[in-house]
Each structure stands twice: as structure tokens, then as C-alpha cells.
J.: 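Okay, here's the structure, questions in a sec.
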Amino acid sequence: MKRIILIAGLLWTTHLAVAQDTTQVKKVSYPAGFSEQLNVVYTQVGDWEGKLDLYLPPPQGSPSPLVINIHGGGWNKGTKELQGGFSAFFKKGYAVANIEYRLTAKATAPAAVEDTRCALIYLISHAQQLHIDVNKIVIMGASSGGHLALMGGLLENDHLFDGNCKNTEHIKVAAIIDKYGITDVWDWGYGKLKTSKSATSWLGAKALDQDFAKSVSPLFQVKKTSPPVFIVHGDADPIVPYEQSVALKARLDELGVKNEFITVKGGLHGKFQPADNSMVNAKIMEFLKSLGL
């Protein structure tokens with residue numbers, strides 16, 4: 001009897017887990033005339049396939065601007081299926097690419113950076129058939145996704161992490177949208193303000209290699225040629241210190257890179273008040289408009 005009860009309990013737990021996973025999947029709504037291409041393979045590493053979801057405007061007139069979205073989760077959790085909220089971009093005629101990447105349990109650093117770069121290179125390489133304007137690509141992410149968006153865009157034509165994908169010589173994004181992203185991985189793992197296990201776990205065998213940590217940290221990739229960067233961060237963030245974005249802003253200003261930094265007063269780790277979310281979204285669209293995007 002006890003065995004039957006135990007089995008029934010396990011089955012119920014499994015049912016709940018499946019039900020929870022199912023309810024977490026967000027169906028992306030897009031305007032009439034748009035089309036979707038789901039689980040497009042952009043790269044393969046061993047038995048792992050990197051996939052992305054595409055939402056494309058009707059292929060008429062000029063090629064469409066594109067926003068590449070990267071989910072967060074400390075590089076160790078999260079899926080592209082949990083992402084949504086692209087309506088503001090759809091209204092402006094943007095195509096959207098929502099990507100996944102190898103998480104820490106599958107591969108440690110720099111795997112997630114390599115995958116981000118491969119997704120960007122894939123989209124640039126297939127821009128003509130997807131009717132995408134290669135001069136109007138925006139890369140965006142939150143938390144660890146913000147880190148990857150920064151790395152993907154700031155590396156430009158540095159092919160250090162492009163070994164898993166066919167290089168193109170003109171890798172350039174028009175703008176980066178960084179939402180409370182990690183800018184200094186070493187500091188996030190060992191700093192005075194935070195000692196994050198997510199950081200040291202992601203660094204893996206390189207956890208004590210400070211030079212390697214710098215190589216995968218956006219703060220040290222900024223150049224005079226870097227694309228414009230929009231930064232938003234809550235000043236009460238308990239996960240990624242607000243000071244990480246302050247340091248990035250200072251570095252961008254030092255090198256004369258166009259940027260805008262929005263501080264959400266009392267904002268936590270992306271848990272902003274509805275009014276603050278509306279303000280941030282409006283500021284993002286204004287920033288892109290100022291760039292002709």
C-alpha cells in the first residue's frame with residue numbers, strides 16, 4: 001500500500017512539473033501579416049543544437065530592422081519560450097529573433113558567448129532571405145541576457161569566440177539594449193558588493209582565472225567604435241549590483257560611445273513598478289528612434 005501511495009505521489013509530482021512547464025511557455029502574439037519560424041537551428045556543437053524563434057514582418061518594401069532577444073537566468077536557467085513582450089517592436093515593423101544558448105550545466109564559459117555570436121552571425125548571413133536590414137540590428141537582453149547582448153555587440157569583428165560558426169567580416173549591430181546586465185563577471189563572482197555562485201559556476205574551470213573573466217566581461221570590450229548602448233538598472237537591485245551599470249556607463253563616456261543610462265529608483269532585479277516599466281519601454285523606443293532605428 002505504501003508503495004502504491006509513493007508511486008501515485010511521484011506521478012502527481014511529475015504531472016505538476018509538466019503542468020508548470022506548460023503554463024510557463026509564452027505564446028508570442030504578433031500582428032496580422034507577420035509569420036513565425038520556430039526552432040530554427042543556427043549552430044550545432046556536438047549533440048547540442050542552438051535554436052532561435054523568428055517573427056517576421058511581411059516581406060515587402062525595404063528590409064526590416066531586427067531585434068535579437070536573449071533571455072536571462074544567470075547563464076544556468078531560463079528558456080526562449082519564457083520570453084515575450086515584443087509588441088512595441090512589432091508595431092514599429094521590427095523582425096524579432098528570440099534565441100537560446102548553452103546553459104552552465106551543458107557548457108561553461110565562454111559557451112553562451114559563442115552561441116550568442118553564432119546566432120548574430122547566422123542572422124547577418126541569412127539577412128537577405130529573411131528580408132532583414134543588416135544595418136539595423138539591435139541586440140537586447142536582461143540580466144545574464146544583458147551580459148550576452150553586450151558581449152555579442154561589443155566584440156564587433158573580434159572573432160575570439162566565433163570558432164563554432166562561419167565568420168563574416170562585417171559583424172556590427174546598430175544598438176545594444178542592456179537591462180541590468182552583468183558587466184564585470186569577476187566582480188560579480190568575487191566583488192565587495194556581491195559574491196555570486198552563478199558567476200563562478202559559469203566560469204567553471206576558469207573560475208580563478210581573472211584574465212579569462214575579463215575576456216568574457218563587457219566592461220573590458222568597450223572601444224571607441226562600439227555601437228550605442230542603452231542601459232537600465234534598478235538602484236536597489238539585490239542580484240546584479242547597480243554599480244556594474246555605473247561602471248559601464250563611465251567606460252562608455254570615457255571612450256565617447258553614445259549611450260543612455262536610465263536608473264529606476266527603488267527598482268529591484270527587473271521587478272519594476274508598472275509605471276516604471278512603461279517609462280523604460282518608452283525610453284528604449286525613443287533611444288532607437290534617435291538612432292534612426
Side-chain angles (χ1 to χ4, degrees), residues 40-45 50 52 54 63-70 75 94-97 99-102 107 109-141 144-178 181-185 206 211-231 247-249 251-260 287-288 291-293:
V40 176
V41 177
Y42 67 83
T43 190
Q44 183 162 352
V45 185
L52 56 81
L54 283 166
S64 303
L66 168 72
V67 62
I68 302 170
N69 182 69
I70 311 170
W75 308 290
Y94 274 79
V96 172
I99 78 168
E100 63 183 25
Y101 52 89
R102 283 172 291 169
V113 177
E114 293 171 342
D115 300 338
T116 299
R117 290 285 293 181
C118 282
L120 174 58
I121 289 170
Y122 174 91
L123 291 162
I124 292 173
S125 300
H126 291 77
Q128 186 171 0
Q129 68 190 70
L130 296 173
H131 205 57
I132 290 168
D133 189 338
V134 294
N135 296 311
K136 293 184 177 181
I137 295 177
V138 178
I139 190 165
M140 171 177 74
S144 58
H147 161 269
L148 293 173
L150 287 164
M151 288 297 296
L154 293 175
L155 281 168
E156 297 182 84
N157 287 308
D158 181 345
H159 300 303
L160 177 62
F161 299 118
D162 297 347
N164 293 330
C165 39
K166 294 180 180 178
N167 292 344
T168 178
E169 293 306 316
H170 301 288
I171 304 174
K172 181 77 173 179
V173 301
I176 301 170
I177 299 173
D178 162 36
I182 300 98
T183 67
D184 186 338
V185 178
K206 301 279 191 178
D211 288 337
F212 175 76
K214 284 185 176 182
S215 76
V216 293
S217 294
L219 186 62
F220 304 100
Q221 311 308 319
V222 180
K223 303 175 286 294
K224 291 182 178 181
T225 59
S226 292
V229 181
F230 180 94
I231 308 166
L248 178 61
K249 163 70 173 173
R251 183 64 174 156
L252 292 166
D253 287 346
E254 178 187 350
L255 292 176
V257 179
K258 182 178 176 63
N259 69 87
E260 184 172 353
F287 182 73
L288 296 178
L291 301 173
L293 301 170

J.: Look only at the side chain of Lys223 and the backbone of Gln221, and say whether a donor-acceptor pair between them is shorter than 3.5 Å.
T.: yes

J.: I want to check something: taking the side chain as every heavy atom from C-beta on, are Leu248 and Ile231 in contact at a cut-off of under 4.5 Å?
T.: yes

J.: Taking NZ in Lys136 as the centre, count heavy atoms belonging to other residues, nucleotides or ligands within less than 6.0 Å. Is the count above 12?
T.: no

J.: Determine, step by step, whether Trp75 and Val185 satisfy the side chain to side chain contact (heavy atoms under 4.5 Å, CB included) criterion, reporting the C-alpha distance in whole Å, the side-chain angles of both residues, the deciding distance to 0.1 Å, and the verdict.
T.: CA-CA 12 Å; Trp75 308 290; Val185 178; 4.2 Å; yes

J.: If you define the side chain from C-beta out and look only at heavy atoms, does anything of Ile124 sit under 4.5 Å from His170?
T.: no

J.: Less than 4.5 Å apart, side chain to side chain, heavy atoms only: is that true for Lys258 and Leu291?
T.: yes

J.: Going from CD1 on Ile68 to CG on Leu148, what distance comes out if it is rounded to the nearest 0.5 angstrom?
T.: 12.0 Å

J.: Could you grab the distance from atom CG of Asp178 to atom CD1 of Ile70, nearest 0.5 Å is fine?
T.: 10.5 Å

J.: Applying side chain to side chain contact (heavy atoms under 4.5 Å, CB included) to Leu54 and Leu123, what does each step give before you reach the verdict?
T.: CA-CA 10 Å; Leu54 283 166; Leu123 291 162; 3.8 Å; yes

J.: What is the minimum heavy-atom distance between Ala112 and Tyr101, and which atoms define it?
T.: CB-CD1, 3.6 Å

J.: What's the separation between atom NZ in Lys172 and atom CD1 in Ile137, rounded to the nearest 0.5 Å?
T.: 12.0 Å

J.: Are the side chains of Ser215 and Phe161 in contact, using a 4.5 Å heavy-atom criterion?
T.: yes

J.: Looking at side-chain heavy atoms only, is the closest gap between Val67 and Leu288 below 4.5 Å?
T.: no

J.: Got a donor-acceptor contact below 3.5 angstrom from the Tyr42 side chain to the Cys165 backbone?
T.: no

J.: Measure across Leu154 and Pro227 and return the closest heavy-atom pair with its distance rounded to 0.1 Å.
T.: CD2-CD, 4.4 Å

J.: Below 4.0 angstrom, N of the basic side chain to O of the carboxylate: do Glu114 and Arg117 qualify?
T.: no

J.: Do Leu130 and Leu66 have side chains that approach each other closer than 4.5 Å (heavy atoms only, starting at C-beta)?
T.: no

J.: Which pair of non-hydrogen atoms, one from Ser217 and one from Met151, has the smallest distance, and what is that distance?
T.: C-SD, 3.7 Å

J.: Is there side-chain contact between Asn164 and Cys118, with heavy atoms separated by less than 4.5 Å?
T.: yes

J.: Work out which heavy atom in Leu120 is nearest to a heavy atom in Ile171; give both atom names and the distance.
T.: CD2-CG2, 3.6 Å

J.: Give me the atom names and distance for the closest heavy-atom approach of Val45 to Arg102.
T.: CG1-NH1, 3.5 Å

J.: Show the nearest heavy-atom pair for residues Gly153 and Val173, with the distance to one decimal.
T.: CA-CG2, 3.8 Å

J.: Are more than 12 heavy atoms from other residues, nucleotides or ligands located less than 6.0 Å from atom CD of Gln128?
T.: no

J.: Is it true that a side-chain atom of His147 and a backbone atom of Val216 form a donor plus acceptor pair closer than 3.5 Å?
T.: yes

J.: Do the side chains of Val229 and Val222 get nearer than 4.5 Å, heavy atoms only?
T.: no

